[in-house]
Amino acid sequence: MNKGMEKVFVGMSGGVDSSVSALLLLRKGYEVEGVTMLLTDESRENNSAATDAKAVADKLGIRLHICDFRREFYETVITDFAKNYLSGRTPNPCIVCNPNIKFGLMLDYALENGADYIATGHYAVIEHSCDSGAYLLKKSPVSKDQSYFLSRLNQSQLSKSMFPIGCLPKEEVRLLAQNAGLSVAKKSDSQEICFISDNDYAGYISEKFHVSFEKGNFIDENGALLGEHSGIAHYTVGQRKGLGGGFRETMYVKSINAKNNTVTLCGSQGRYTGELTAENMNWISGNSPEEDFEAEVKVRSTAKPARARIYPIDSQCVRVVFDTPQICVSPGQTAAIYLGDTVLGGGIIQ
RNA sequence: AGGGGUGUCGCCAAGCGGUAAGGCAACGGAUUUUGAUUCCGUCAUCCGUAGGUUCAAAUCCUGCCACCCCUG
């Protein structure tokens, strides 16, 4: 065994991205082991994840660790998820999972078991800045960029992490998998919430937390009654589908008031918001800004970064004023702040 | 009771003699490592009902039914 060889634990979900990440690290000469996390009892994560990951690990000839984080995942990610929906907000479980589970528990586990780094199949780039000594999180140059989901990581997490496929186009990743004879080469991309198999998140919350949703009123911006809603947890700001219809124009959710159990609806023009407040900010550099500055802000993972001015209120909180109003800004989602390609950090939209 | 009005898909609504627009909803699919958004596709053999006129009616005529308004 080469004592100077650096050891990397790769988080292996059983998908193409993490599998190819492991493959590339092996080719670069790292000592590689895989880690598959058990996160829930019944999700499809576990159904195919463990077996697919095992098949890939065997094919690559690496050891696979199985980490049972079900209790912690439930206590952090799922509980937060339910709590948000029940209070009329829209949670973003991936953003919670990354710093706490993948780059939290899994990183700890890896370091405790002799790893120097962990790696994941995210499309993003980590750079080490020689002059400042800081680790920079940057956008992936490819369209799959997932830096948004990583905007709550910190220096110590980034310093121990690698994204081997961060700059590769998806097609190339699949090709690499295929050429290496990996069975998951053509496995479809994961989407939707990993712990809810049928995408019925409201039903999931209702069942898991033994709550029944209280019906309430749809109202317009003047407070006039428009109809009945089936419980605030079913809605998210900007939502169009599932409102029951019968309106003269397309209606969208403008806001959700948990206290009154009302959902306010608006027409298509009412969806734009000129500014927002983000709390619980994570600044990747570890230093929060003192003065206001120009930047770009992503209000959701699939949004184009929008030009805005950032006004720090305190180290945990900023006001973001957009150059042009943004559509469907939803409380509970993350606002990720970018300066060029660099992710400065992210906070939770209020 | 008398006078007026209206009845077209779950909702809104065009059509005014030539063989059922459109919008909303719903459903299906694409996109998306969150929720949404967006995109594409499907969606009334039939126009309150029963007759009549016509080569041809949702569209004209008649009866009936329902709802709305006004007057007493």
Side-chain angles (χ1 to χ4, degrees), chain A residues 11-18 21 37 39 43-45 48-49 77-78 80-99 101-102 120-124 140 142-152 163 165-166 170 173 187-197 199-205 218 226-229 232-256 263 265-268 270-273 298-304 326-336 346 348-349:
Chain A
M12 297 183 69
S13 66
V16 210
D17 296 335
S18 56
S21 297
M37 300 180 290
L39 299 177
S43 77
R44 55 186 170 159
E45 279 290 307
S48 67
V77 179
I78 296 181
D80 172 84
F81 177 80
K83 203 171 67 185
N84 266 281
Y85 264 122
L86 292 172
S87 62
R89 294 153 62 87
T90 306
N92 196 158
C94 297
I95 295 251
V96 178
C97 176
N98 281 329
I101 308 293
K102 287 187 184 136
T120 66
H122 282 98
Y123 289 86
S140 169
V142 302
S143 64
K144 294 281 289 182
D145 174 56
Q146 291 169 322
S147 60
Y148 176 85
F149 294 104
L150 302 167
S151 60
R152 301 194 63 81
F163 303 138
I165 62 161
K170 184 80 189 193
V173 172
K187 191 171 168 183
S188 58
D189 290 3
S190 65
Q191 20 182 271
E192 295 159 354
I193 305 166
C194 75
F195 52 91
I196 299 173
S197 53
N199 206 29
D200 176 15
Y201 70 82
Y204 177 88
I205 291 171
F218 280 131
L226 292 178
E228 183 182 65
H229 76 239
I232 57 171
H234 288 99
Y235 308 98
T236 184
V237 170
Q239 181 171 334
R240 166 183 179 172
K241 297 285 181 183
L243 304 181
F247 309 116
R248 300 200 174 186
E249 60 174 322
T250 313
M251 298 300 277
Y252 299 85
V253 174
K254 168 91 173 175
S255 59
I256 298 169
V263 176
L265 269 29
C266 64
S268 62
R271 294 177 292 166
Y272 294 86
T273 311
K298 265 176 90 157
V299 154
R300 83 194 102 252
S301 65
T302 54
K304 276 207 177 89
Q326 296 300 296
I327 195 164
C328 303
V329 175
S330 310
Q333 294 284 289
T334 287
I348 311 299
I349 298 168

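So that the names make sense, note that chain A is the first sequence line, chain B the second, and so on, each numbered from 1. These numbers come from the heavy atoms of this one structure, side chains and all, not from hydrogens, waters or symmetry mates. Just so it is clear, the model here is predicted, and its values are computed rather than measured.
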Can you list everything that forms a salt bridge (Lys or Arg N to Asp or Glu O under 4.0 Å) with A/Asp200? Sequence neighbours excluded, please.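 Per chain and number, A/Asp200 pairs via salt bridge (Lys or Arg N to Asp or Glu O under 4.0 Å) with no residue.
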
Under the side chain to side chain contact (heavy atoms under 4.5 Å, CB included) rule, collect the residues that match up with [X], sequence neighbours excluded.
X: A/Ser268; answer: A/Tyr252, A/Arg271
X: A/Ser151; answer: A/Ile95, A/Thr334, A/Ala336, A/Val343
X: A/Thr273; answer: A/Val329
X: A/Ser140; answer: A/Tyr123, A/Val142, A/Asp145

Do any side-chain atoms of residues 81-88 of chain A form donor-acceptor pairs under 3.5 angstrom with protein atoms, and if so which ones, sequence neighbours left out?
residue, atom, partner, partner atom, Å
A/Asn84, OD1, A/Arg89, NE, 3.1
A/Asn84, ND2, A/Asp80, O, 2.9
A/Asn84, ND2, A/Asp80, OD1, 3.3
A/Asn84, ND2, A/Asp80, OD2, 3.3
A/Ser87, OG, A/Lys83, O, 3.1
A/Ser87, OG, A/Asn84, O, 3.0

Sequence neighbours left out, what passes side-chain hydrogen bond (donor to acceptor under 3.5 Å, both in side chains) with A/Lys144? Give chain and number order.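 If we apply the side-chain hydrogen bond (donor to acceptor under 3.5 Å, both in side chains) test to A/Lys144, skipping adjacent residues, the hits are A/Asp189.
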
Considering residues at least two apart in sequence or located in another chain, which fulfil the side-chain hydrogen bond (donor to acceptor under 3.5 Å, both in side chains) criterion with A/Thr236?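 For A/Thr236 the side-chain hydrogen bond (donor to acceptor under 3.5 Å, both in side chains) partners, ignoring immediate neighbours, are A/Thr90.
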
For RNA chain B, list all stems, counting runs of three or more consecutive pairs where every pair is Watson-Crick or G-U wobble with both distances under 3.5 Å.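 So far as stems of 3 or more pairs are concerned, RNA chain B shows B:1-7 with B:65-71, B:10-12 with B:22-24, B:26-30 with B:38-42, B:48-52 with B:60-64.
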
Would you tabulate the nitrogen or oxygen pairs shorter than 3.5 Å linking the protein to nucleotides 26-29 of chain B?
residue, atom, partner, partner atom, Å
B/rA26, OP1, A/Gly242, N, 2.8

Which residues in residues 83-93 of chain A have at least one heavy atom lying under 4.0 Å from any atom of RNA chain B?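 Residues of residues 83-93 of chain A under 4.0 Å from RNA chain B: A/Tyr85, A/Thr90, A/Pro91, A/Asn92, A/Pro93.
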
Quick check on B/rA36: is either OP1 or OP2 less than 4.0 Å from any side-chain nitrogen or oxygen of A/Ser330?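 A/Ser330 to B/rA36 OP1/OP2: no side-chain N or O under 4.0 Å.
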
Tell me whether the side-chain N/O atoms of A/Tyr252 come closer than 4.0 Å to OP1 or OP2 in B/rU38.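 Result: yes.
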
Would you mind telling me which of B/rU38, B/rG35, B/rC24 lies closest to the side-chain atoms of A/Ile193?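 Nearest to the side-chain atoms of A/Ile193, counting from C-beta on, is B/rG35.
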
Choose from B/rU33, B/rU37, B/rC24 the nucleotide whose nearest atom is closest to any side-chain atom of A/Phe247.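 Taking heavy atoms from C-beta onward, the closest nucleotide is B/rC24.
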
Expressed as a whole number of Å, how far does the P atom of B/rU38 sit from that of B/rA21?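 These two P atoms come out 25 Å apart once rounded.
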
Considering residues at least two apart in sequence or located in another chain, which fulfil the ring pair (Phe, Tyr, Trp, His ring centres under 6.0 Å) criterion with A/Phe163?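 With neighbours one apart ignored, the set is A/His122.
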
